[in-house]
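Step one of this worksheet: look at the structure below.
Keep in mind that the numbers below use all heavy atoms, side chains included, and drop hydrogens, waters and symmetry copies.
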Amino acid sequence: MRVIIVGAGDIGYQIAKFLTYEGVDVVIIDRDGSKLRRITEELDIATIEAEGSDPSAFKEAGADKADLIIAVTNSDETNMIACLLGKAIFNINRKIARIRNPNYFFNKELLSESNLDIDPAINPEFEAAQAVTKLLEHAFASEIIEFEQGEIIIIGIKIPEDSPIKEKKLKSIRTLLPKDFIIGIIERDEDVIIPSGEDILQVGDIVYIPLKKEEIEEVAQSLGVYTEPAKKIMILGGGRIGYYIASKMESQLDIKIIEKDAERCNFLSKRLNKSLILHGDGANKQLLIEENISNMDAYIACSNNDELNIMSSLLAQKLGAKKVISIINRTDYVPLAHNLGIQSVLSPRLITASIILRYVRKEEILSLIAIAENKAEIIEGVVNKTSSLIGQTLKDKIFPKNTILGAIKRDERIIIPKGEDFIKEQDKLIIFTLRDSIKEIEKLLA
């Protein structure tokens with residue numbers, strides 16, 4: 001398989017890094033030589049220093065033999081032209097692009113098969129807003145991932161100071177809970193752990209738990225982290241993310257938006273019906289106090305300034321906001337924000353890379369989602385009729401090291417597995433693993 005990536009920024013880098021682990025033939029095109037040098041220093045892939053819309057660069061990249069083009073530069077126009085080149089000149093079958101401008105992104109005719117033929121187009125701000133709205137529905141979660149049309153939910157939960165499971169071994173936790181229960185991954189500072197029964201949970205750990213959708217609230221209450229869905233929220237930043245959140249949720253929630261730019265405030269006032277628009281500085285402590293930050297169920301920092309988002313999130317947390325969500329674009333700031341104690345940290349760039357990777361997979365892999373700053377993966381795979389897993393039980397230790405089976409969907413049943421549970425043909429498996437084990441898992445499923 002040959003993949004051409006146009007754009008060597010954070011998103012392009014994350015995608016290329018994953019694909020090289022998979023043994024995919026990757027070529028990256030970018031006009032910025034310094035970005036390309038970073039990639040060649042860390043990854044063994046070909047790079048071409050050129051404009052992403054240059055046909056000669058595509059020819060040099062072997063576009064006539066490419067299976068997929070992924071266009072993720074900072075320019076929507078460059079991304080669209082790259083996809084058009086791939087279609088019209090080189091007949092590349094699949095084209096994926098990052099499209100941020102809503103006038104392009106929501107124009108389905110422009111992106112349709114008869115025109116640019118981009119499938120899918122991915123908007124980082126829109127996807128980040130979607131992730132935030134899920135967190136508002138389950139305010140105790142730091143991350144929410146859905147599988148099987150939402151029948152299986154992976155909940156990321158940060159262990160609080162008063163949690164009944166802190167300082168306890170995993171093997172002893174099941175006795176505290178009314179339901180079958182598995183922790184698939186522990187994210188601790190910058191480390192990612194695929195746990196065993198002997199691992200001890202610490203305050204500040206983010207644990208990823210597969211649950212049936214109807215059991216989420218009951219399990220959260222048992223863990224001591226449950227809170228009611230958010231009703232009053234404050235948003236720092238009326239840019240695209242803030243606008244997308246408010247436009248979707250203002251009919252259900254009491255929303256305040258703090259925006260520093262007067263012209264943008266006018267835009268928001270005209271486009272939104274119920275949200276209160278405040279012209280001011282979100283880093284102003286007095287303003288937050290006057291607007292009753294302590295009564296807010298959630299504070300969402302989604303300005304275009306990462307440093308402001310981090311500092312205002314810490315301030316809002318200190319002033320009593322029940323839930324704080326910070327949007328961080330620079331991927332190297334994400335672990336810093338976690339370590340500072342911010343409850344939920346989302347990166348539009350990492351979300352975009354993770355979504356794109358769902359579309360670059362082998363037949364047995366239904367979806368693949370990167371978590372914990374892309375250090376671990378959650379795989380949804382189907383068991384083929386020739387798979388060596390068929391008839392095996394979990395106690396047979398059938399999976400590679402650093403891998404946990406989190407859930408099985410069998411027909412209409414959702415099974416949170418125990419040691420005696422066995423695997424059947426056509427089972428759909430939710431598997432937690434580190435990146436080094438992905439190839440081995442693919443072989444087991446095949």
Side-chain angles (χ1 to χ4, degrees), residues 119-120 122-124 126-158 177-185 206-223 225-231 233 244-245 247-249 251-253 297-298 300 323 325 344 346 348 350-359 361 364-372 376-383 404-417 421 426-433:
D119 182 25
I122 299 171
N123 183 318
F126 183 77
E127 295 297 338
Q130 294 287 90
V132 169
T133 57
K134 290 178 185 176
L135 290 175
L136 294 176
E137 293 170 4
H138 301 290
F140 55 85
S142 62
E143 189 166 357
I144 296 175
I145 303 163
E146 295 183 353
F147 291 95
E148 291 299 307
Q149 292 76 51
E151 292 182 43
I152 302 173
I153 310 289
I154 309 294
I155 299 284
I157 296 174
K158 181 173 282 190
L177 299 173
K179 302 293 182 183
D180 291 332
F181 181 86
I182 288 174
I183 290 179
I185 287 173
I206 299 175
V207 297
Y208 290 84
I209 307 168
L211 297 168
K212 302 173 188 177
K213 62 179 180 181
E214 64 271 15
E215 296 177 354
I216 292 174
E217 294 183 7
E218 186 175 2
V219 171
Q221 287 174 339
S222 300
L223 296 175
V225 297
Y226 180 73
T227 55
E228 294 288 339
K231 295 179 181 177
I233 71 170
Y244 288 143
I245 295 167
S247 61
K248 182 173 182 178
M249 304 297 290
S251 63
Q252 308 163 45
L253 306 176
D297 297 314
I300 304 157
K323 170 83 174 179
I325 303 170
S344 295
L346 300 175
L350 291 178
I351 290 171
T352 300
S354 182
I355 291 171
I356 290 173
L357 288 175
R358 297 184 201 181
Y359 295 91
R361 57 181 185 259
E364 296 80 19
I365 305 297
L366 302 176
S367 62
L368 185 151
I369 297 177
I371 61 171
E377 314 285 343
I378 305 175
I379 296 171
E380 181 185 15
V382 63
V383 179
I404 288 179
L405 177 61
I408 301 170
K409 183 175 184 187
R410 180 173 298 153
D411 300 321
E412 299 305 314
R413 291 176 58 211
I414 304 297
I415 302 166
I416 304 300
D421 286 305
Q426 291 303 304
D427 279 352
K428 292 178 181 177
L429 310 181
I430 305 298
I431 301 168
F432 297 85
T433 189

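- You'll find the side chain of Val382 reaches within 4.5 Å of the side chain of Gln426, heavy atoms only.
- Annotation: the span from Phe147 atom CZ to Ile379 atom CD1 amounts to 9.5 Å, rounded to 0.5 Å.
- For the atom pair CZ of Phe432 and CD1 of Ile371, the computed distance is 6.5 Å after rounding to the nearest 0.5 Å.
- For Pro417 against Leu405, the heavy-atom pair with the smallest separation is CG-O, 3.6 Å.
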Distance-only donor-acceptor pairs under 3.5 Å for side chains of residues 149-157, two or more places apart:
unit_1: Glu151; atom_1: OE2; unit_2: Lys409; atom_2: NZ; d: 3.3

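- In terms of heavy-atom proximity, Ala230 sits nearest to Ala298 at CB-CB, 4.2 Å.
- Here the CD1 atom belonging to Ile414 is positioned 8.5 Å from the CD atom belonging to Glu412, to the nearest 0.5 angstrom.
- Atom CD1 of residue Ile356 and atom CD1 of residue Ile351 lie 12.5 Å apart, to the nearest 0.5 angstrom.
- To the nearest 0.5 angstrom, Ile206 atom CD1 is 11.5 Å from Ile185 atom CD1.
- In terms of modelled atom types and a separation under 3.5 Å, the side chain of Ser354 and the main chain of Leu350 share no donor-acceptor contact.
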Yes or no on side-chain contact (heavy atoms from CB on, under 4.5 Å) for Asp427 and Ile415, after CA distance, side-chain angles and deciding distance?
CA-CA 10 Å; Asp427 279 352; Ile415 302 166; over 6 Å; no

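- The two residues Pro210 and Gly406 make their nearest non-hydrogen contact at CG-O, 3.4 Å.
- Here the side chain of Lys134 pairs no donor or acceptor atom with the backbone of Ile144 at under 3.5 angstrom.
- Rounding to the nearest 0.5 Å gives a distance of 9.5 Å between CD1 of Ile404 and OG1 of Thr433.
- Listed by chain and residue number, Lys248 satisfy the side chain to side chain donor-acceptor pair (under 3.5 Å) test with Gln130 (two or more places apart in sequence, or in another chain).
- With a 4.5 Å cut-off on side-chain heavy atoms, Lys213 and Glu146 do not count as touching.
- Between Leu135 and Leu346 there is a side-chain heavy-atom pair separated by less than 4.5 Å.
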